[in-house]
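Letters A, B, ... are given to chains in the order of the sequence lines, protein chains preceding strands, and every chain is numbered from 1. Keep in mind that what you see is a predicted model, and the values were worked out from it rather than measured.
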Amino acid sequence: MNREGLINASVYLALPVLALAALALDEPFTITLATRAAILALAAVGLNLALGLGGLVSLGHAVFFGLGGYAMGILASHAQSYAPLYDGWFVVEGTKSMPVIWLVAVLSSALAALIIGLLSLRTSGVYFIMITLAFGQMFYYFSISWPAYGGEDGLSIYVRNSFPGLNTLDPIQFFALVFALLSLVLWGMGRIARAPFGLALSAARQNAARVETVGLEPFRLRLVAFVISGAVTGLAGALFADLNRFVSPTMFSWQMSGEFIVFVVLGGIGRLFGPVAGACLFVLLEHTLSGVSEFWLVYVGAILLLVVLFARGGLIGSLAGREVADD
Amino acid sequence: MTTLLLIEQVLNGLQSGIMLFLMAAGLTLIFGVMGLINLAHGSLYMIGAFAAAAVAGATGSFALALMASLAAAAAAGAIVEVTVIRRLYDRDHLDQVLATFALILIFSEGTRWLFGSFPLYLDVPAAFAGPVTLPGGIQYPAYRLLIIAVGLAVAVGLFLLIARTRIGIQIRAGESDREMIGALGVDISRLYTIVFALGAALAGLAGALVGAIQSVQVGMGEPVLILAFVVIVIGGIGSIKGALIGALLVGLTDTLGGVLLPLAFGLFLDPATATSIGSSLASMAIYILMAVVLIYRPTGLYGVAT
Amino acid sequence: MRIRNMMALAVCMAAAATAGLADGHGGKIKVGMITTLSGGGAGLGIDVRDGFLLATKGSDVIETVIEDDQRKPDIAVGLADKLIQSEKVDVLTGIIWSNLAMAVVPSATAQGKFYLSPNAGPSALAGRGCSPNYFNVSWQNDAFSEAAGAYLSNEGVGKVFLMAPNYPAGQDMMAGFKRFFKGEVTDEVYTQLGQTDYAAEIAQIRASDADQVYFFLPGGMGISFMKQYAGSGVDKPVAGPAFSFDQGILGAIGEAALGVKNTAHWSKDLDVPGNADFVAAFQAEYGRLPSLYAAQGYDTGLLLLSAAAKAEVSDADAFRAALKEAEFQSVRGDFAFADNHHPIQTIYMREVVKEGDVVTNKMIGVAATDHTDVYGADCKM
């Protein structure tokens, strides 16, 4: 195993080790913190497929995060109040079952990603950044002003949703569930990066014209990547809502999209474990710095600036001593 | 709705467009010349407003306050360009977005540290307080007419600067071929600092002018930054003319959307639902406009394909 | 100095009284305060914090842990988990915004913690979502608007123009106004949350038949609207809930706000026992005038001290009963809890005036006596 492999392994294992240590020391909040980091990491892993491999700077991934969150919120709130979701020719009930919620979250965010991708991928560069931002803003303002599901107040779910065979209210069991999903997605993303599709996508980022000459369509490659990417971020959104037992329009805000990009870059863009490292680092900074000073965001800004200017490979890149990922 | 009210609302839309243009002009100039996407432009707007509020509070003179806003924003712009921004010109857009996002955090919290968390006081000068009566009997705030005048003057000034002056020639040359003008002996890094400071000064001026009729507070730059980006993307990034047209389109859509959509839905829905749906749609209107423009013209109205 | 000494004496006596009782139980109360200390809106959180700390200063039974929620619901939820799970607090307080309260309160009270709201009172928590452990020390969201509706009706105002941002608190406020206003609502306009330019709405006001404007635009939105309204030459009188005319905001609006009527449960010139001392002590401690939010934070601290003097927090039923009695000298005068643990209090009408060089509020009358919210009927606990 080379140096980067070692670093990847330690980044990957850091979260469960932390969670188990916290369990042993009876510090349940640390487990919650680790769960938060794992969920944000999952969202960023999703974004990394579009951003790192595909070179698509999406400033609108909060759309999928929020859709996942609202999939959970809407289904669970209907289950909570025993009011059917749809009562017409047939009846659709709400649900508190996590697998069903995840499925709905993934499908609805994939559908949104397909539509947004079809429209946005016609543009490139700054225009792409801005049109994805525009879609994010549309969802944001819509969710604030639409009164049916709480508007800006959001939706509170009183009890965490259930997963067969687990007690999800127990912090360590919920963490294990989240971490298992993160591992599964990381494995899948690793496969995608090495598969012909991933290689072609990466090639299209570096030189689209050359990819076209071998008969592949960059537009299609990017669209597929964007849809998978959105679906993964949507899954993370459903989990995030379950962690907080709450959804609100902030999940759609452009700052949220910005933070996902920050996770990816902080950890190391295009690297499989980069987003994981970035999300962990961000949650750690947020947790420690906010106690230090009222003006702690200044420090976050300074650190981010230094990383962008002087450590282009992010955390993993600096530790491994190489700017570009070799996986 | 009477015709007179409709005319007044159109005027309001144009006026709000001009305010946006002041902000967008600097943003699009910087992108056009240096290829830099600058999220911290909103922070320069905030710096202008805070400098104006501080100087107006100390001296009581609005003219001095405007000068202070220009000076403070240009100075902040020049410092940021020399220390941070010039390292970003040959980076991709992603690095630029992140680094300037980091600058927003630093500027916002730094300003809060200096000035505290409460909004500052900045009022319109006495000479422009109150309304004037326009032909047709429309009463219109004098200060808003002043903003329109300044905005149009800035537009004309920028066109002249770029078309007629030596620095304008260098800017245009730099847009089309950077290496070449360097080879011709133009000091590129100095040119870039000047252009960035100029863009910053425009943002600062906008902040001071608009700050007098809005709230001078930390974070005031972000909403207008997003609107300014919508403007320059619709107009085509790098094009001053596009920024002007885009700003007017956005101003009109935003103003008239907020007024007309609830009325339009009121024709066939009950008033409460119509207000609710109409207001929801109105808040999304400019983003829908932008998406539609980009879908039909992927590089904006006056943008050149890259 | 006399006033400060009196304050110190009062605090010491309260502390001694509580300490005497607490000794018998041997326990302290750990308070977790989640409030907004950075970013936009930090001014409100800072005032609540400072008011609360002023009230509990010198007390050796209350230990307060303060956290910054950045006005983000997910951060607030994380902080609540941290305070409950790792700091093991007994009481939570501090949240400024309705949406953050909705995120934190239901799960905190479900975990058996007490929550005292020093600001924000979403209707859901007053009605069907009420909880025995949730005490609102500020107001239900609709209260100021209901009182304003009643007051303007009594003043004989016939037609009114309503305006608020298009989000739940805005919709609640306007519903509250209409509930008590007997005249005609000619227009009802909902603006975008965070909107900064109100030229279009001002034109609508000018063209409207209404002879009074009532609006709710908190924070920077209200500042922008008032400045622009003053320059427009429209002379219809304006009223609103106090949130847009608080001391911190009036400083930024200046003379443009003169003459505006606003409803509040407190004013710095309110003549009730303890209020003048509070205003003086706050100024001495922090060097600025206290705001409505500071008064609410202060009352929250006093309420907690009064309950701590009577019962041990580990005996939840006794402590809850002690809180419900609300035996403290509120700086708002008479204060009691209704059955849904929301305030019964008098709401006053204030007018913005100039005192010397300072633009500030002056009491002009009572808008609603012993006002309580309408959601209590839905509250089953």
Any heavy-atom pair between the side chains of [Y] and [X] that's under 4.5 Å?
X        : Y        : answer
B:Ile226 : A:Met130 : no
A:Leu309 : B:Leu88  : yes
B:Trp113 : A:Val298 : no
B:Arg87  : A:Phe310 : yes
A:Phe139 : B:Met284 : no

Can you tell me which portion of [X] sits under 4.5 Å from chain B's heavy atoms? Options are side chain, backbone, both or neither.
X        : answer
A:Trp254 : side chain
A:Val262 : both
A:Leu51  : side chain
A:Ile129 : side chain

Per-residue contact mode, [X] against chain A (heavy atom under 4.5 angstrom):
X        : answer
B:Gln96  : neither
B:Val97  : side chain
B:Ile106 : both
B:Phe31  : side chain
B:Val230 : neither
B:Ser280 : both

In Å and rounded to the nearest 0.5 Å, what is the [atom1] to [atom2] distance from [X] to [Y]?
X        : Y        : atom1 : atom2 : result
A:Ser120 : B:Ile295 : OG    : CD1   : 7.5 Å
B:Leu294 : A:Thr132 : CG    : OG1   : 10.0 Å
B:Phe229 : A:Gln137 : CZ    : CD    : 12.5 Å
A:Gln255 : B:Leu105 : CD    : CG    : 9.5 Å

Quiz item: Would you say B:Tyr89 has more than 12 foreign heavy atoms packed within less than 6.0 Å of its OH?
Solution: yes
Quiz prompt | B:Phe268, CZ atom: more than 12 neighbouring heavy atoms under 6.0 Å | solution = yes
Exercise. Considering only heavy atoms and a distance below 4.5 Å, find which of B:Ala291, B:Ala102, B:Ala285 pairs most often with chain A.
Key: B:Ala102
Quiz item: When you measure from the side chain of B:Arg91 to the backbone N and O of A:Val308, does any donor-acceptor pair fall under 3.5 Å?
Solution: yes
Self-check item: Donor-acceptor under 3.5 Å (A:Tyr127 side chain, B:Ile237 main chain)
Solution: yes
Practice problem: Check each of B:Thr83, B:Leu98, B:Val84 against A:Leu305 using the side-chain contact (heavy atoms from CB on, under 4.5 Å) test, and report the only one that passes. | Solution: B:Val84
Quiz item: Which atom pair, heavy atoms only, marks the closest approach of B:Glu109 to A:Phe295?
Solution: O-CD2, 3.8 Å
Quiz item: Taking every heavy-atom pair that is under 4.5 Å apart, which of A:Val265, A:Val57, A:Ile131 has the most such pairs with chain B?
Solution: A:Ile131
